[in-house]
Chemist: 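There's a structure below that I have some questions on.
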Amino acid sequence: MPAPQCASCNKARAALRRPRSGQALCGACFCATFEAEVLHTVVAGRLLPPGAVVAVGASGGKDSTVLAHVLRELAPRLDISLHLVAVDEGIGGYRDAALAAVRRQAARWELPLTVVAYADLFGGWTMDAVARSTAGSGRSRSCCTFCGVLRRRALEEGARLVGATHVVTGHNADDMAETVLMNFLRGDAGRLARGGGLGSPGEGGALPRCRPLQLASQKEVVLYAHFRRLDYFSEECVYAPEAFRGHARDLLKMLEAARPSAVLDLVHSAERLALAPAARPPPPGACSRCGALASRALCQACALLDGLNRGRPRLAIGKGRRGLDEEGPPREPQPSRPPTSQPVPDF
Amino acid sequence: MLCCRKPTPPSLLEWHSPSEQDLQGPQGLPLTLGDVCLWPPARLPQSDTEPAEPRTRDQKCVKCKEGLPVVVIRAGDAFCRDCFKALYVHKFRAMLGKNRLIFPGEKVLLAWSGGASSSSMVWQVLEGLSRDSAKRLRFVPGVVYVDEGAACGQSPENRAKTLAEVKLVLQTTSFPWHIVALEEVFSLPPSVLRFSAQEPAGTEGAYKAAVDSFLQQQHVLGADGVERQSQHCFQDPHSHTGPPTTAQTQALSRLFDSVKTLTAKEELLQTLRTHLILHVARNHGYSKVMMGDSCTRLAIKLMTSLALGRGAFLAWDTVRLQTAQGSPRRQGELGTPPVVRSSRAPEKASIHRLMEAFILRLQAQFPSTISTVYRTSEKLIKAPRDGCAAGPRCLLCMCTLDVDTADSATAFGAQTSHLPQMQPPVAQAGAAAGPCCCAGMGGAPGCGRREDPRAQVMEQLCYGCRVNMKDLPSLEPLPPYILSEAQLRSQRATVEQEVQEYLLGDSEDETGTGES
């Protein structure tokens, strides 16, 4: 059966159907529509004011590649300037290849690129070293807990280095849906309260962050990358199979099969979750060591690094964090608890 | 195939019999639990490497340290029969007592589906009312059973058979009981959709005062005087006599057949069932409805609601109709009774099924999942108790509308996006081009074309109900009370807009049917 006409320009043959609406579009019109929608999100959400210096978190993966490309297209209209900031977590065999992709992109698009490495920022701790340090207890290594916290810190550092005013990341609607499922399953009321918006305005000296692709479905991101023939790195991180997020991701896939709008429905739920006043976390203060935004005496990054440096990597993972500021008796881990109960903080 | 919560007939009758029902659990350990039939048999603790059997054989009950354990809950707590019963009963009473939602002497309607959870709730109430006066439960219960055979496609013979068995059981409870067929939604009045502001639950002082005065009353009247008078076993005198007409049954079948997805069918069934129960409650002076949802079921419901876009109402959904939750016993290893659902539809079929399967699987791996989800829900904002409608309410679920304006930078905006998809690229950033009404979701309240009845109804629904209604291609098979209430509200809104400039202050103090 020949493909129908593009519903938009009515000239070319349609090359795809949009996953959400089923509308048939040709490649060019789809890309244009996608870009228009991202532009709308940024403008309607007032995410990037004119004159902003935007640090794009670039991992080499499809989301950040598409994000960088779209923002580059929209940059003249929005009157913003872009810098790519890539984070090298020190995961052998994986990150090097991804960084190579980022370098190619930076060269092709003529965007300035800054690479920040965990090893430099965090006293020699690479993710591989963290994984080795946390292995061997018979439970999962909680690599993603460390990596998420440290990566956001690294991104912030990189953004400051280039003098950025805003940080953007390529999280898409599927990511947001997985996050709300995950946070609910783990009972993370604090993150449930903070998440759901389009980003954070930047409290306590942190740079404002946003996610322009937040309302775009993952499938469309992939389609866009395909039609624009973007070069990105598509392998999964070697530690990813251990993450709790995998459960949420599997669930989301199933839900989407039963009801295609499930992803947006979850995002809507996330936007509307209301915590009772008693359960809301207290307003955050500053970390006593590094001055960053923190809801306790030590920010999570400092706390995690502290644990690592003391040879007790799980110190900051779990409730109570006893023994951080003074030596306390090591707590007996309970076998029935989920492997990580300190998930990645809201960024 | 739509699922109906129908028990298998043997367990329905035997749940109340005093004789012991031997259920063979795994490894041949007996799971008799006296007159409470718990199904499925408790699963022994999950352990990948070691068989559970030797461990359990050596264990004694963790409570009394004497009896042989028959059931294991949580992560390895073994209980003997009597201790488990005591624990279970205690949890139920503690939930009622802690919440203090039910005042003494109040009429409470128990929603019984025939399944294990609601059956055990009814049993708990029975047992609680029959205790000596110091510990007796102090409310006046009635039981309602909704016959959903038409929605499940049950044959008339099967329906009659089930109903006969149901009646037998209901008669043994000695509570006033009501059997309603789902077809009766076609004769519901539109007033059932109107949210009646409940009086606030009151302070602790008010609750204590109520208990004290009730006890005094009892003392004067004699212990049995006040309570027994309404406990006859009689059928609801106002109920429509006889079974529903064929026309009604056909209309109901037509309605459910016209729904395109199983998810939407299950949601529609729940909505109609809720309206029906609410109607029975209001008609007979019940001020509260008690549902028999276990903790597991609640956790699943919460996650399902989240996935359906009802994140704004999670607290409300678990305290629907100002109900007290029936015993949210932590089922631990007991799990939700899958056998209660008679349908054989695959997992993929609906959000509800998927979520249930997922939660139970995850619970096996992380035993604290269900309690975590339940605890998280407790941190959510409770339904507003001040009784004022903060804004327009959803036509179907009576929750405050949670929709954003079209084209906002939100999930709702993304679905009602009217961005120029019909024109070449250069976006008119921020400007909502094109007409304000689109096929599925409808615009924000107040900006839809009033002539289109479907848009009229859609804009009175919350986000979650709108998504469901998208799977209903035509609103025509819906019961008339929904459509006429929708029209009424729409008309009222139009009229209000016309006289808006002359109205002073809050015009939401309607007392009954609105006329302006």
Side-chain angles (χ1 to χ4, degrees), chain A residues 7-9 20-21 23 25 28-29 32-33 35-37 39-47 77 173 180-181 183-189 192 196 198 214-216 247 250-251 254-255 257-259 261-262 264-279 335-338, chain B residues 74-75 261-263 302-303 305-315 347-351 353-355 358-359 362 365-369 372-373 375-376 378-382 402 404 407-415 417 419-427 429-430 463-464 467 470:
Chain A
S8 175
C9 62
R20 252 174 220 165
S21 57
Q23 202 187 27
L25 294 174
C29 291
T33 309
E35 285 161 15
E37 284 168 4
L39 178 63
H40 177 74
T41 303
V42 171
V43 170
R46 288 197 277 270
L47 300 178
R77 224 167 309 173
V180 72
L181 283 173
N183 287 339
F184 219 93
L185 287 171
R186 296 160 64 128
D188 199 333
L192 284 175
L198 278 171
Q214 182 171 318
L215 301 174
H247 296 291
D250 293 338
L251 176 61
M254 293 192 292
L255 293 177
R259 175 174 270 198
S261 64
L264 273 186
D265 297 341
L266 277 164
V267 176
H268 176 82
S269 284
E271 288 164 2
R272 292 286 174 155
L273 277 177
L275 284 190
S336 62
R337 266 200 290 135
Chain B
R74 298 194 274 256
T261 63
L262 192 55
T263 305
L302 282 163
M303 294 298 297
S305 295
L306 200 68
L308 292 170
R310 299 184 58 83
F313 319 125
L314 290 187
E347 254 182 36
K348 286 192 186 11
S350 77
I351 302 264
R353 306 269 173 90
L354 285 172
M355 196 57 84
F358 175 80
I359 295 266
L362 202 65
Q365 205 178 338
F366 303 111
S368 55
T369 299
T372 301
V373 172
R375 255 203 319 274
T376 308
E378 292 199 313
K379 298 182 184 164
L380 301 169
I381 281 188
K382 301 298 175 207
D402 65 335
D404 307 296
D407 282 350
S408 53
T410 60
F412 179 76
Q415 289 188 317
S417 167
L419 287 182
Q421 292 170 355
M422 302 303 171
Q423 298 157 25
V426 180
Y463 182 101
V467 179
K470 271 207 287 191

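Chain A is the first sequence line, chain B the second, and so forth, proteins listed ahead of strands; every chain is numbered from 1.
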Chemist: Using only atom types and a distance under 3.5 Å, with no angle test, would you say the side chain of B/Ser350 pairs donor to acceptor with the backbone of B/Arg353?
Modeler: yes

Chemist: Please round to the nearest 0.5 Å and tell me the distance separating atom OH of B/Tyr463 and atom CZ of A/Arg272.
Modeler: 10.5 Å

Chemist: Under 4.5 Å heavy-atom distance to chain A, tell me which part of B/Leu362 shows up: side chain, backbone, both or neither.
Modeler: side chain

Chemist: Considering only heavy atoms and a distance below 4.5 Å, find which of B/Ile359, B/Leu308, B/Thr369 pairs most often with chain A.
Modeler: B/Leu308

Chemist: Keeping B/Thr263 on the side-chain end and B/Ile351 on the backbone end, is there a donor-acceptor pair under 3.5 Å?
Modeler: yes

Chemist: Under 4.5 Å from any heavy atom of chain B, what part of A/Leu181 do you find: side chain, backbone, both or neither?
Modeler: both

Chemist: If we ignore hydrogens and angles and just use 3.5 Å, is the side chain of B/Thr372 paired with the main-chain N or O of A/Leu185 as donor and acceptor?
Modeler: no

